[in-house]
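In what follows, a single structure is set out as structure tokens and then discussed.
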Amino acid sequence: MPELPEVEVIARGLSQTLAGRTVISVKVPGLTRLSDAAEVIVPGVQGQTICRVYRRAKVLLIELENESTLVFHLKMTGRVVHGERRDINKHDRIVFVLDDGSWLIFSDMRKFGYVKLFTKQLLENWDFLQKIGPEPLESSPAELVERIAGRKTSIKGLLLNQSVVAGVGNIYADESLFRAGIHPETKGHRIGHERALKLFAELQDVLKLAIRENGSSISDYVNAHGDAGAFQNSFNVYGKKGQQCSRCNGLLQAVKVAGRTSTFCPHCQPRR
DNA sequence: CCAAGCACCTGACGGC
DNA sequence: TGCCGTCAGGTGCTTG
């Protein structure tokens, strides 16, 4: 499930190989429900040269020569992979055929993700992006602490809330809470300043480490070249309910917080 | 302002 | 063998 680090790794990988490539044709085996129609995307990208590939929150953006932008949200199982021409498979949603013969493929088994095409103006006014909070790797921990000050929601819910901080999903929320020693159900306003600073410093740390490790591959994630990430091997808590805590050897527990499974160590992350 | 619950999807997995 | 229920989780929406 791609969160900030996974989308960042994809964007960096694509940036190396896509800049300057031109879209020759488009194949549309079947789009997802929330995607723009093929009638919008195909004529808008044909003949266009790719200028820039970047990420904002969990969204992947590919800017074209005419200042329009292809936007991908991968949600749970989406992939964007660039490589040699290959057979179309059942989960492929759209294929961009490039001028060197290579293919850029968006596939998504569960069809939660989407691809949309925006003009410059429409992208600037897209309410989804306008609601997104600051990038955690481009903000200081002190700035991020202000975003949770006085909030009565659980810290887990705040971390997952994209308008509070961008790009954090279930994996990196649980991992940073473990590192900071904070119980996921702790209310935002009950976290002391020092501990909150620690939380966001740990969040930054874990995001950077994950990017360095090529992201986390749980089930579907692969980078722009189809390779799995390795950070899942460094998880302390995510998906480890019932296993031993790496710090105290106690058993990890799972609870639902903000509608999501949250795995934590009751000893290292005590309820206050 | 906040929580809870559902919807959207498919595949993996466990129980019987 | 296969059927059935549950779970995975990002986001939008509704309801309270």
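A, B, ... follow the sequence lines: proteins, then strands. Residue 1 opens every chain. Just so you know, these numbers use all the heavy atoms, side chains as well, and skip hydrogens, waters and symmetry mates.
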Go through residues 208-215 of chain A and report each residue with a non-hydrogen atom lying under 4.0 Å from DNA chain C, sorted by number.
none
With sequence neighbours left out, which residue pairs that include part of residues 232-243 of chain A fulfil the side-chain hydrogen bond (donor to acceptor under 3.5 Å, both in side chains) condition?
A/Asn236-A/Ser246
Take nucleotides 5-12 of chain C nucleotide by nucleotide from the 5' end and write B, S or -, depending on whether a protein heavy atom sits under 4.0 Å from the base, only from the sugar-phosphate, or from neither.
---BBBBS
Need one value for A/Ser262: base, sugar-phosphate or nothing, where a base atom within 4.0 Å counts as base even if backbone is also close, heavy atoms only.
nothing
Does A/Asp205 have any side-chain hydrogen bond (donor to acceptor under 3.5 Å, both in side chains) partners at least two apart in sequence or in another chain, and if so, which?
A/Arg179
For a quick check of understanding: with a heavy-atom distance under 4.0 Å over all strands, which category does A/Lys187 fall into, base, sugar-phosphate or nothing?
nothing
Give DNA chain B the dot-bracket treatment, 5' to 3': Watson-Crick (N1-N3 with N6-O4 or O6-N4) or G-U (N1-O2, O6-N3) under 3.5 Å, [ ] crossing, | other strand.
.|||||||.|||||||
Taking only residues two or more places apart in sequence or in another chain, which ones pass side-chain hydrogen bond (donor to acceptor under 3.5 Å, both in side chains) with A/Arg190?
none
Output a table of donor-acceptor pairs, distance under 3.5 Å, between side-chain atoms of residues 249-265 of chain A and any protein atom two or more places apart or on a different chain; print 'none' if there are none.
unit_1   : atom_1 : unit_2   : atom_2 : d
A/Ser262 : OG     : A/Lys156 : NZ     : 2.6
A/Ser262 : OG     : A/Arg260 : O      : 3.3

Salt bridge (Lys or Arg N to Asp or Glu O under 4.0 Å) partners of A/Arg56, counting only residues at least two apart
A/Glu135
Sorted by chain and residue number, the salt bridge (Lys or Arg N to Asp or Glu O under 4.0 Å) partners of A/Lys198 (sequence neighbours excluded) come out as A/Glu202
Of the candidates B/dG11, B/dC9, B/dA3, the side chain of A/Lys111 sits closest to B/dC9
Between N or O atoms, less than 3.5 Å apart, protein on one side and nucleotides 12-15 of chain B on the other: list the pairs.
none

Can you give the donor-acceptor pairs under 3.5 Å from side chains of residues 109-125 of chain A to other protein atoms, not counting sequence neighbours?
unit_1   : atom_1 : unit_2   : atom_2 : d
A/Lys116 : NZ     : A/Leu34  : O      : 3.1
A/Thr119 : OG1    : A/Leu122 : N      : 3.1
A/Asn125 : ND2    : A/Gln121 : O      : 3.2

Report the residues that fulfil ring-ring contact (aromatic ring centres under 6.0 Å, His included) with A/Phe200, sequence neighbours left out, ordered by chain and then residue number.
none
So, are A/Asp108 and A/Arg93 salt-bridged, with charged N and O less than 4.0 Å apart?
no
